[in-house]
Amino acid sequence: MLIRVPKGWDLPEREATPESAYWNRRELLKAAGFLTAAPLLGAGPYPAKRGEDYAIGTQETEEWAATSYNNYYEFHPTDKTAVKGLVGKFKPMPWTIEVTGLVNKPQRLDLDDLLKTMPFEERVYRFRCVEAWAMTVPWTGFPMSALIKKVEPKPEAKYLRFVTALRKDEMPGLKMAPWYPWPYFEGLRMDEAMNPLAMFVTGMYGKPLPTQNGAPFRVIAPWKYGYKNPKSIVSIEFTAKQPRTFWNDVASSEYGFYSNVNPKKPHPRWSQAQEKVIPKMEMRPTLMYNGYEKWVTAMYNGTEF
Ligand SMILES: Nc1nc2c(c(=O)[nH]1)N[C@H]1C(S)=C(S)[C@@H](COP(=O)(O)O)O[C@H]1N2
Ligand SMILES: [Mo]
């Protein structure tokens with residue numbers, strides 16, 4: 001049964017209602033049969049309330065640009081503008097995330113449950129690829145720390161290891177570039193993951209993430225180069241030792257584990273002093289830690305690569 005609900009009916013109320021009351025009301029409406037058409041309206045925390053705590057005032061990139069210029073090698077290994085047209089077969093829902101390793105509560109998380117229970121907010125962050133292109137995006141997500149607390153890491157857990165989706169029939173890039181060590185994998189040190197800037201992201205521009213930007217669940221750590229922000233995460237492992245990472249395995253002299261944005265440390269093949277802002281590719285100076293110095297400097301002693 002489909003019930004036509006007036007467009008945008010729940011938005012003004014959402015602003016005025018605390019999260020828990022909002023979901024209780026949703027459950028009630030669902031039980032009464034009023035929300036049958038909810039998935040068509042885009043169920044989930046969108047748009048989430050915007051948080052300003054980490055805003056640094058860089059102008060937002062237009063949505064069409066941020067969703068049309070992508071690094072996502074599983075779909076196309078070289079052409080950033082082709083990714084968007086190759087994602088049609090990928091099904092981001094339903095989705096589960098396996099949490100394993102050094103935690104008291106290993107579990108399989110259902111993304112639908114996270115969408116209802118985690119403290120979502122919208123944050124505008126700068127984003128900087130190691131190749132020197134940059135953008136600024138309103139992401140919807142929740143602090144990584146909220147998920148970490150939920151699974152109760154053991155004291156020996158010092159790192160998180162992320163593994164991403166591997167679907168040969170839905171990701172044409174896997175066949176174009178079979179020499180890479182798929183699936184894509186990444187990692188963060190525990191204090192980096194607990195830093196309030198680090199997020200798990202499910203949306204951008206007030207809507208669910210498009211597949212090309214990492215649907216349905218990705219990392220955003222804005223002080224690091226883009227490749228430290230894995231897309232379509234299917235598992236999170238808590239480890240005692242520093243995990244290996246995809247680009248470090250492929251070219252260890254060019255891509256380290258930490259990969260913090262640093263204008264003074266050139267890539268072996270190009271300078272990092274400047275960046276190019278999509279879509280017009282105007283040049284501007286690269287900022288130390290991508291502009292997030294005041295929140296992250298204390299974690300590092302300057303030797304991390
Ligand atoms: N699974 C996966 N995640 C990935 C990548 C990838 O190829 N596969 N590319 C990374 C790189 S190099 C960048 S710059 C960002 C790009 O994110 P965007 O397309 O949302 O801008 O995703 C990162 N996450
Ligand atoms: Mo990148």
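Position 1 is the first residue of the sequence, and the numbers go up from there. Both ligands and their constituent atoms are indexed starting at 1 by order of listing. We use all heavy atoms of the structure for the numbers below, so side chains are in, but hydrogens, waters and symmetry mates are not.
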**Complete:** Only one of Trp295, Phe305, Tyr289 passes ring pair (Phe, Tyr, Trp, His ring centres under 6.0 Å) with Tyr300, and that residue is Tyr289
**Message:** Test of understanding: given a 4.0 Å heavy-atom threshold, classify the contact between Asn229 and ligand 1 as side chain, backbone, both, or neither.
**Reply:** backbone
**Prompt:** How are the rings of Phe90 and Trp95 set relative to one another: parallel (under 30°), tilted (30 to 60°) or perpendicular (over 60°)?
**Reply:** tilted
**Prompt:** Is the Phe246 ring parallel, tilted or perpendicular to the Phe185 ring (thresholds 30°, 60°)?
**Reply:**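 Aromatic pair Phe246/Phe185 classed perpendicular.
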Nearest to [atom] by heavy atom, [options]: which?
| atom | options | result |
| --- | --- | --- |
| atom 16 (C) of ligand 1 | Phe246, Tyr72, Phe127, Phe185 | Phe127 |
| atom 9 (N) of ligand 1 | Val83, Ile220, Ile278, Asn71 | Asn71 |
| atom 6 (C) of ligand 1 | Glu74, Glu186, Gln212 | Glu74 |
| atom 20 (O) of ligand 1 | Lys84, Arg218, Lys228, Arg128 | Arg218 |

**Asked** Is the shortest distance from a Lys or Arg side-chain nitrogen in Lys224 or Glu186 to a carboxylate oxygen in the other one below 4.0 Å?
**Response**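 Answer for the salt bridge query: no.
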**Message:** Please determine whether a side-chain nitrogen of the Lys or Arg among Glu63 and Lys207 lies less than 4.0 Å from a carboxylate oxygen of the Asp or Glu.
**Reply:**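 Looking at Lys207 together with Glu63, the answer is yes, because their closest N to O distance falls below 4.0 Å.
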Yes or no: does [X] have any heavy atom under 4.0 Å from an atom of ligand 1?
| X | result |
| --- | --- |
| Pro230 | yes |
| Met135 | yes |
| Trp247 | no |
| Lys80 | no |

**Message:** Any heavy-atom pair between the side chains of Gln59 and Val277 that's under 4.5 Å?
**Reply:**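 SC-SC contact between Val277 and Gln59 ruled out.
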